[in-house]
Amino acid sequence: MKDRNGNWAVYTPHKLFDHLRDMYGLKTDAQLAQVLSTRSPLISRIRNGALRITPALIIEIHEQTNMPIARIKEMCNEK
């Protein structure tokens, strides 16, 4: 998949999850899942590349953190 500039995008949702854990001072993805009102297996499957981040989770992250949706998407595709 290519990004807006025509470069190959790297899918890195773990960077987003790590950032959120740091932001809230959390130690585990299970704690992050609680903050985001989701299940920890979903976070794990996204982190490990079995699933892509869902639009519903992007919206939940936005609502919990006030982080712009564009930035959330960006963090999932950073090198």
Side-chain angles (χ1 to χ4, degrees):
M1 175 189 215
K2 292 192 176 186
D3 65 13
R4 289 181 232 162
N5 300 322
N7 300 319
W8 286 102
V10 177
Y11 187 60
T12 56
H14 64 276
K15 289 185 179 183
L16 172 63
F17 293 152
D18 291 346
H19 173 76
L20 293 172
R21 281 176 43 182
D22 288 345
M23 189 167 119
Y24 285 103
L26 305 172
K27 295 185 182 203
T28 67
D29 283 345
Q31 292 171 323
L32 179 61
Q34 287 180 336
V35 169
L36 298 176
S37 301
T38 192
R39 297 176 306 122
S40 56
L42 177 65
I43 300 290
S44 177
R45 291 181 76 197
I46 293 169
R47 182 182 282 279
N48 293 314
L51 289 176
R52 294 188 63 79
I53 194 165
T54 63
L57 186 55
I58 289 172
I59 291 169
E60 186 63 31
I61 292 168
H62 166 71
E63 289 177 350
Q64 292 294 330
T65 65
N66 291 321
M67 186 183 301
I69 290 175
R71 180 64 183 135
I72 295 166
K73 289 179 177 181
E74 234 175 62
M75 289 186 79
C76 286
N77 292 306
E78 287 183 345
K79 292 183 181 178

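Keep in mind that the numbers below use all heavy atoms, side chains included, and drop hydrogens, waters and symmetry copies. Just so it is clear, the structure is predicted and the values come from calculations on it, not from any experiment.
In terms of the side-chain hydrogen bond (donor to acceptor under 3.5 Å, both in side chains) criterion, residue partners of E60 (sequence neighbours excluded) are, by chain and number, Q64. For T65, the side-chain contact (heavy atoms from CB on, under 4.5 Å) partners are L20, M23, Y24, I61, M67, not counting sequence neighbours. Applying the side-chain contact (heavy atoms from CB on, under 4.5 Å) criterion to R39, with sequence neighbours excluded, gives P41.
Atom CD of Q31 and atom CG of D29 lie 9.5 Å apart (nearest 0.5 Å). A distance of 10.5 Å separates NE2 in H14 from CG in N48, rounded to the nearest 0.5 Å. Taking OG of S44 as the reference point, atom CZ of F17 lies at 9.5 Å (rounded to 0.5 Å). Once rounded to the nearest 0.5 Å, the distance linking CE of M75 with CD1 of I72 reads 9.0 Å. Between I43 atom CD1 and L32 atom CG the span is 5.0 Å, to the nearest 0.5 Å. Expressed to the nearest 0.5 Å, how far CD1 of I53 lies from CD1 of I58 amounts to 5.0 Å.
The closest donor-acceptor contact from the side chain of R45 to the backbone of L51 lies at 3.5 Å or more, if one exists at all. A donor-acceptor pair under 3.5 Å is absent between the side-chain atoms of T12 and the main chain of K15, judged by distance alone.
Between A30 and S40, the closest heavy-atom pair is CA-CB, 3.8 Å.
In the hydrophobic cluster analysis, where Ile, Leu, Val, Met, Phe, Trp and Tyr join through side-chain heavy atoms closer than 4.5 angstrom, L16 is grouped apart from I59.
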